[in-house]
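In what follows, a structure is listed as structure tokens, so that the remarks can point back to it.
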Amino acid sequence: MERHEIVENIRAALTDVLMRDFGPLAEGTRLFEDMHLDSTAILELLMALEDNIGIEVDPENLDMDDFRTVGTLTDFLERARKVSS
């Protein structure tokens with residue numbers, strides 16, 4: 001899966017979790033400040049991404065730095081995909 005496809009999956013998952021439509025997302029978009037996510041929404045987002053991208057994430061091993069921006073979340077998901085492969 002290409003990086004832009006992961007970003008698109010993040011956009012689709014955010015649309016589902018926050019129940020509002022988003023246009024294209026920039027990798028610099030901040031998840032907490034710009035998208036107004038909270039810790040519950042992050043977990044919902046991860047569950048949606050697990051299904052869409054085919055990864056498994058252990059919530060005990062999460063680092064909140066991975067959720068600063070769309071770009072850092074994309075990096076995290078790319079690493080998770082490599083581990084799952």
### Where Arg30 and Glu33 come nearest, the two heavy atoms and their spacing
CB-OE1, 3.3 Å

### Query
When rounded to the nearest 0.5 angstrom, what is the spacing between OG1 in Thr15 and CG in Asp21?
5.0 Å

### Message
Return the CZ to CD1 distance between Phe67 and Ile42, rounded to the nearest 0.5 Å.
### Response
5.5 Å

### Task
Go through Val7 and Glu27 one step at a time and tell me if the side-chain contact (heavy atoms from CB on, under 4.5 Å) criterion holds.
CA-CA 8 Å; Val7 172; Glu27 289 200 28; 4.1 Å; yes

### Message
Looking at Thr72 and Asp66, would you say the former's side chain and the latter's main chain have a donor-acceptor pair under 3.5 Å?
### Response
yes

### Query
Given the rule that I, L, V, M, F, W and Y join up when any side-chain heavy atoms are under 4.5 Å apart, are Ile55 and Met47 in one cluster?
no

### Query
Going by heavy atoms in the side chains, are Leu62 and Leu46 under 4.5 Å from each other?
yes

### Message
Between Phe22 and Ile53, is there shared hydrophobic-cluster membership here, with clusters defined by ILVMFWY side-chain heavy atoms closer than 4.5 Å?
### Response
yes

### Task
Side-chain contact test, heavy atoms from C-beta onward, threshold under 4.5 Å: evaluate it for Arg11 versus Val70 and give yes or no.
no

#### Entry: CG on Asn52 to CG on Asp16, rounded to 0.5 Å
7.5 Å

### Task
Heavy atoms only: give me the nearest Leu37-Phe32 pair and the separation to one decimal.
O-CD2, 3.0 Å

### Verdict with reasoning, Arg3 to Asp75, per salt bridge (charged side-chain N to carboxylate O under 4.0 Å, His left out)
CA-CA 9 Å; Arg3 188 172 180 88; Asp75 294 339; 2.9 Å; yes

### Message
Just so I know, are the side chains of Met1 and Asn9 near enough to count as touching, which here means a heavy-atom distance under 4.5 Å?
### Response
yes

### Query
Should Arg81 and Glu78 count as an ion pair when the cut-off is N to O under 4.0 Å?
no

### Message
For a 4.5 angstrom cut-off between non-hydrogen side-chain atoms, does Leu49 reach Leu73?
### Response
yes

### Query
If we only count heavy atoms from C-beta on, is the Ile10 to Leu77 side-chain gap below 4.5 Å?
yes

## Note on the structure
Test side-chain contact (heavy atoms from CB on, under 4.5 Å), reference Leu14, set Arg20, Met19, Met35, Glu44, output is Met35

#### Entry: Heavy-atom closest contact (Leu45 atom, Ala13 atom, distance)
CD1-CB, 3.4 Å

### Query
Do Val57 and Phe76 come within less than 4.5 Å of each other through their side chains, counting heavy atoms only?
yes

